[in-house]
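These notes concern the structure reproduced below.
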Amino acid sequence: MRRRSLLIAVPAGMLTLAACGDDDSGSGKASDSATPQASGSSSAPPAPKVTDGPLPAITAGTKFGQKPTVAKGSGEPSKELAVKTVIAGSGKTVAENDYVSADYLGQVWNTAKVFDNSYDRKTPLVIQLAQGSIIDGWRYALTGKKAGSRVQFSVPPTWGYGEQGNQQAGIKGTDTLVFVVDIKDTFNAKSSAKGTNAPQDDSALPKVGTNTDGKAPSVELPKSAAPKKLVAEYVIEGDGAKVGAQDSVLVQYKGVVWDGGKEFDSTYQRKQLTSFSLQQVVKGWAQGLTGKKVGSRVLIVIPPDLGYGDNPPQGSGIEKDSTLVFSVDILAKM
């Protein structure tokens, strides 16, 4: 049976790398606006037919990355999913269950009321195109598109927020929604860091592989004693934005125990990326990734006092007072 991530919320008794203590930070970067996250419906409707219109005109902000202005819908919207590639990109193709990084604007068809946009926040949305994670209209409209594309689509209630609508955003259960989405990047289980290899000259520290083929990097441990203080060094230095202490991140990672090198967790083994808030993990993770650049691979060596100490997760195979070694690829900020 495949293990779930040590970094996500799991039932009591299962492994978790989450920090101990009270947690009032929610699930990461909460927003007062209505992102296209799913409303929590337990079952998905049948797949829609995809048509090419009608769709209202984009009257300003017509270039990729610019905040668009979209006209009010004219006449009745399609009862199906209307999708148009406004700008065709040449990047990686988006697949269902991928994570996408995208800027977007959403408005109501018959009023042109903008209920949310990421352009003003200057932070792209990073979200998984998976059932239950995002409204179905996004899953069907963006799957098969390429990074670098601008996609416009209209979403009837069936594949949007359903009959209940979204009161917070002022969306009624009868509203068709119009989105313009600029797909900046896409990530899946084969994604890796991308950047410049950093020197690994300290013979007292582990050496981490620099492969970027989506396979787990090697971690070669020295025969010397484990460091007493936190180590956080670039293996591959990316050129993205620096991670802040309050941020959430999307990562690939592999964790081993310093003594003996036993692997105790890996997204590569699960073939599934992990996202988490730096406020919700052990101190060694939070401190080790803060200030590091998106796109990087980071070696983190966590001493016991910044990890699990004398209380490791039951069944993890981690002994008390173990020093932990991680290779972490920072794919995106969320």
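Residue numbers start at 1 and run along the sequence shown.
Between Phe153 and Trp138, the angle of the ring planes goes over 60°, which puts this pair in the perpendicular group of the 30/60° scheme.
Glu237 and Thr196 share no side-chain donor-acceptor pair at under 3.5 Å. Checking Tyr161 against Asp175 by side-chain atom types alone, no donor-acceptor pair falls below 3.5 Å. At a cut-off of 3.5 Å, with distance as the only test, no side-chain donor of Lys194 or Thr212 sits close to an acceptor on the other residue.
The closest donor-acceptor contact from the side chain of Thr143 to the backbone of Arg139 lies under 3.5 Å. Side-chain N or O atoms of Lys254 include one that pairs as donor or acceptor with a backbone N or O of Pro217 at under 3.5 Å. Remark: the backbone N or O of Lys63 is paired with a side-chain donor or acceptor of Arg150 at under 3.5 angstrom. Checking side-chain atoms of Ser275 against main-chain N and O of Leu250 turns up no donor-acceptor pair under 3.5 Å. Between the Tyr308 side chain and the Leu324 main chain, no donor and acceptor come within less than 3.5 Å of each other. Remark: the backbone N or O of Pro46 is paired with a side-chain donor or acceptor of Trp159 at under 3.5 angstrom. In this structure, the side chain of Trp109 does not engage the main chain of Leu55 through any donor-acceptor pair within 3.5 Å. With hydrogens and angles disregarded, a donor-acceptor distance shorter than 3.5 Å links the side chain of Asp182 to the backbone of Gly65. Under the 3.5 Å distance criterion, the side-chain polar atoms of Thr174 are left unmatched by any main-chain donor or acceptor of Lys172. The main-chain N or O of Val208 is found under 3.5 Å from a side-chain atom of Gln200 such that the two form a donor-acceptor pair.
In the hydrophobic clustering of ILVMFWY residues, with side-chain heavy atoms under 4.5 Å counting as a link, Val325 and Leu289 come out apart. By the criterion of side-chain heavy atoms lying less than 4.5 angstrom apart, applied directly or through intervening Ile, Leu, Val, Met, Phe, Trp or Tyr residues, Phe64 is not grouped with Leu125; the two fall into different hydrophobic clusters. In this structure, Val249 is a member of the same hydrophobic cluster as Tyr253, with clusters built from ILVMFWY side-chain heavy atoms closer than 4.5 Å. Linking Ile, Leu, Val, Met, Phe, Trp and Tyr residues whenever their side-chain heavy atoms come within less than 4.5 Å places Ile87 and Val70 in a single cluster. Hydrophobic clustering (ILVMFWY, side-chain heavy atoms < 4.5 Å, transitive): Leu177 and Val181 are in one cluster.
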Please step through salt bridge (Lys or Arg N to Asp or Glu O under 4.0 Å) for the pair Asp305 and Lys228, ending with a clear verdict. CA-CA 9 Å; Asp305 61 317; Lys228 300 298 184 183; over 6 Å; no

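A cation-pi arrangement is absent between Lys215 and Tyr268, since the terminal nitrogen or guanidinium carbon is not both under 6.0 Å from the aromatic centre and inside a 45° cone about the axis. The cationic group of Lys92 lies under 6.0 Å from the six-membered ring centre of Phe187 and within 45° of the ring axis, placing it in a cation-pi geometry.
Annotation: Asn197, atom CG; neighbour count of heavy atoms from other residues, nucleotides and ligands within 6.0 Å is above 12.
Across Leu221 and Pro206, no two heavy atoms sit closer than the pair CD2-CG, 3.8 Å. Here the closest heavy-atom approach between residue Ala216 and residue Asn211 is recorded as O-ND2, 4.0 Å.
Lys242 NZ to Lys293 NZ: the interatomic distance, rounded to the nearest 0.5 Å, is 6.5 Å.
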